[in-house]
Engineer: 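Supplied in structure tokens, the structure appears directly below.
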Amino acid sequence: MNRQAGLRLVLSLFAILVVPNLWADGETAPARDPKQAVDEAYTAKIQKYTTAPYFTSPLVNYLPASKNVPTPEAVLGDVAGAPGILPYAEDVYKYMRLLEKASPRVRVFSIGTTEEGREMIAVAVSSADNLKNLEENRTRLAKLADPRTIKLDDAEADKLVAQAVPIYYITGTIHSPETGAPTALMELAYRLAVDESPYIREIRDGMITLITPVVEVDGRDRMVDLYKWHLAHPKDFYPPLIYWGKYVAHDNNRDAMGVTLKLTENVLNTYIGWKAQVLHDLHESVPYLYDNTVGDGPYNAWVDPILADEWQMIGARNVADMTRFGMPGVFTHGDFDTWSPGYLMFIAAMHNGISRLYETFGNGGADTQERTLDPEDYARTWYRQNPPLPKTLWSQRDNNNYEQTGLLTSLHFFNENKRLFLKNFYLKAKRSVMKPAAEGPAAYVLPADDARLSLQAELLRVLRKQAVEISRAKSAFTVSLPVKKEPKPKKKQDTKDAAEKEAAPAPTTREFPAGSYIIRMDQPYARIADALLDHQYWSPDDPQKTPYDDTGWTFGELFGVQVSRVTDLKILDVSMERVTEIYASGGVKGEGTIFAINNNAEPALATLRYKMKDAGVEAAEEPFESGGKKFNRGSFVIRNANRSELDHAAAGLGLQVVALAAAPSVKTHPVRAARVAFVHTWLSTQTEGWWRLALDNLGIPYDYMSTQAIAKFDDLNARYDVILFPPVGFASSPTAIINGIPMAWGNPLPWKNTPETPNLVGKNDSTDDMRPGLGWDGLAKLQAFVQKGGVLLTATDTSRFATEIGLTTGVSTSSSQKLKIVGSVLGARLVDGASPIAYGYDEKLSVYCDNGPIFSLSSIAGARGRRRLGPESHSRPTGRGSVNDPDFTVGRSGVEAPEEPSWETWEAPPVTDEQRRNGFRVIPPANRPRVIFRYADSKELLISGLVEGGDEIAQHPAVVDVPSGNGHVVLFSINPVYRGETHGTYSLVLNTILSFDNLNAGRKLADK
Ligand SMILES: [Zn+2]
């Protein structure tokens, strides 16, 4: 049988299988109501745009007619999922508001705006009665959501469960190139409002479907622009979607921990405000429908097991229903692990609801295209007995059919079991409230005497956005700390040792001052606080070898503030009060005209410097004492400042300023408001977007420009003091940064506003052609900038670029061989505290690392970090005597060998006498790289997440200042500014900016 014949046979088998009313288990059949008229024209187009009979279902292969409610055609000019049609968010909203006007079963709510000011909406679809009684229902759901309000009374909960109408929240197109959801959700809203089939009526009467059809609204409008450009230039390649939202692209779905983006905040507030039970997010990257809710392990360790069971229940039923319809390629296991809580849908998982996520199949636009799958996508596996086809013609309508069918069967199943799910909603909240005694901890404490109160406030504000209740102790209190179990020694020690080991260690206590913040765990949303503040451990032996995303995130560590996990239940009796506004107290105290601010590496210091433009700010190069107060190295000494202006600014920033009668007698250097250029590529803007967001929030001004633009300035030093070149992402190679996108073929890829693309540029950047990279001219300009005294700051892949392309001397980078660090929190150690880059930091620092790169130093130009050949490899040769005796040569007296030099892993090997002979390659001491921070020793490397083969990076430099000509290149192996989660390392960047012209302060040079 040839392949064509085989395909025909497969098709005819499908045709036989797709028989309506196959439902045989007493449930309502998913079929249209024969008494309700069908919109014949619309239905005909649905059939026309569906590319195979098995890519649809009895739920969506027709559209019920309505006399007064408009179909999506009213706005789209065609049916949902029609080829060539992608509506802007505005058009989607227009349709939803037409529905609202025409039907008492639809209401539209504005839920906030995006960074660029576009509106976000939520559309509620339910029976007119349910929508009339929204407030009454919300009151019921709120009681289930917070069982303390009904005194944890299960009988009362059962009454509420019997009366409440559950809310199922669906969110579409957070990922802008995944384009199908808006039209699917328009049509879904219509069906839910209009269809009189018993199957749909049950959903409508039994529950409220809440829909945010477009989550990333800024990105949607850009994507529609690009698609229109593509339609206008059908023979050309079209520009890739380099910007989605104002700041980040795909990572907008990794923000549910830090909640730094508006879209996250708006969806979170809607989910919490409505007391929804489910948050179901729609994506399009896997054929044909991967309900990745069940996914793969490891599961997030903080979710209630009830939720894990709900995932299985809903997922399995979803697959079963669609398989019964004869739709191929529907499955729920896969390679997505459910460890990180950073995904948008995980808001529900961490707030006692049910998180769900669909990957359907999209073409990145509305073209109908032949698609060829990878073997792993069409292989039949144990969890995908009915896999997708290797090759098929695929349309946006097919995608819309899958999305709607999946959602409708989910809604129906959820409604049929809503009492179970509502009871679970209550039980998860109740178990959260009972957490302190049941599982612990009792609370987390953020002490009032933390040296970094503005950073502490920043962390608390994240918790507040997560709807976590925060309290403050009215007086000092003491808790007992759990006894730390020492790992048992492998070999039996002598009896004296063993006796000492067995003696129980005395219990220890810790006192916290009045005003300390307490995050009680006996609250409904304790789990999100616990998940963010706790430590993570991903075993190198975990069967999951490809973590889907970050493995560690401990917020206290990454914010550089103290967080104590307290298990002592007595803490819950401490006298405390709830706080709703979080601010660190700040302002000027004392008398005098000289002002000092202690430096504890708080980013607010940089904000203050830029705010107080005219003040004379200096940094102390040594610690000092004044007026009975101790100040760290790097503390600000401010002259010529207006006291009330300073007081106002410091109060707003949570910085404590001390007025001094006289200037301290300590060496200082000026802290100037450096002129900053911020460079991006046209390859990707994702990772640098988080840096922009951080600088914007801090009020640090910068000029944003591409690598193309940098190449056009004749004298960069005349305009800028510091050039930030944050990570490009996707481990971009140095040559890709220079060459950009190939120009030898293809057409220009413009990123600019045109009649077809009115939304493309926004407030970011534009170009006539995205393809050119930095180019060799641009590289020469960058090099000249550094040579003439500028400071270039790079991180991860741009550090690799700077070292490998030759902007630095004495630092080499290498890729890991066995090292596996997947978005983990690592320990770093201070090497040179006198460097201004380290101002305010302690000996120990927690940093975010994602596999390096690994830096090695050499004092020989052009050499890579020398292989470590210590005394251990120079052990004595075979000869007379014992191992510790010197070697012996017959016939001559012993000669003492010169002592072998030793050095640390983060240092360059000492220059040898042999290297110094005609040593033109020996880097003079003043030109050698200066290590500021290094990675911790292997044993102390892991703080949170996964570290495998950590020896490879342990002790290697993490932050290096490389003098170059009159300037500096500051290299980061870590990413210090990441996803709004690493506030504790922001000051490494800000310190570099503020002391740009004094980076050599405190530097000690080697004598040769
Ligand atoms: Zn996606």
Side-chain angles (χ1 to χ4, degrees), residues 81 86 89 92 114 120 169-185 211-224 226-227 240-245 247-257 261 263-264 267 279-296 315 329-332 334-349 355-366 371 373-374 377 388 394 396 398-400 402-404 406-407 546-550 684-687 689 729-730 823 979:
L86 277 193
V92 180
T114 65
M120 288 177 69
Y169 186 16
I170 301 164
T171 46
T173 200
I174 183 174
H175 282 165
S176 305
E178 302 164 14
T179 50
T183 49
L185 293 172
I211 301 168
T212 291
V214 184
V215 173
E216 174 59 273
V217 188
D218 300 334
R220 172 69 180 188
D221 285 2
R222 291 199 171 93
M223 184 64 202
V224 175
L226 280 186
Y227 185 65
L241 191 68
I242 184 100
Y243 294 99
W244 299 13
Y247 293 111
V248 298
H250 191 268
D251 259 12
N252 59 9
N253 195 33
R254 302 293 185 274
D255 187 46
M257 290 192 264
L261 303 175
L263 61 87
T264 316
V267 168
L279 181 53
H280 189 154
D281 198 29
L282 301 179
H283 291 253
E284 292 162 33
S285 72
V286 180
Y288 298 128
L289 191 153
Y290 171 27
D291 170 9
N292 87 357
T293 310
V294 180
D296 198 355
V330 180
F331 57 103
T332 190
D335 60 2
F336 173 80
D337 67 67
T338 304
W339 176 246
S340 162
Y343 313 102
L344 185 82
M345 48 88 179
F346 229 71
I347 287 170
S355 56
R356 299 197 70 205
L357 192 150
Y358 278 172
E359 296 284 3
T360 56
F361 198 38
N363 289 346
R371 299 292 300 271
L373 305 189
D374 290 335
D377 284 329
W394 188 258
Q396 169 138 288
D398 295 334
N399 175 52
N400 278 197
Y402 269 76
E403 283 175 322
Q404 289 189 71
L407 288 169
T546 52
Y548 201 83
D549 205 74
D550 289 343
S684 170
T685 63
Q686 156 105 336
T687 315
F730 309 106
R979 290 184 178 172

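Just follow the structure's listing: the first ligand is 1, and inside any ligand the first atom is 1.
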Engineer: Against F331, only a single residue in Y358, Y290, F336 fulfils ring pair (Phe, Tyr, Trp, His ring centres under 6.0 Å); can you say which?
Structural biologist: Y290
Engineer: Distance check below 2.8 Å: does H250 bring an N, O or S atom to the Zn ion (ligand 1)?
Structural biologist: no
Engineer: Suppose we only allow N, O or S atoms; which atom of H175 ends up nearest to the Zn ion (ligand 1)?
Structural biologist: ND1
Engineer: Salt bridge between D550 and R979, side-chain N to carboxylate O under 4.0 Å?
Structural biologist: yes
Engineer: Counting backbone and side-chain atoms alike, is an N, O or S atom of E178 positioned under 2.8 Å from the Zn ion (ligand 1)?
Structural biologist: yes
Engineer: Starting from the Zn ion (ligand 1), look over the N/O/S atoms of H283 and name the nearest one.
Structural biologist: ND1
Engineer: Do the side chains of D377 and R371 get close enough for a salt bridge, i.e. N-O under 4.0 angstrom?
Structural biologist: no
Engineer: Counting N and O atoms only, with roles assigned by atom type, does the side chain of N253 sit under 3.5 Å from a partner on the main chain of H175, one being a donor and the other an acceptor?
Structural biologist: no
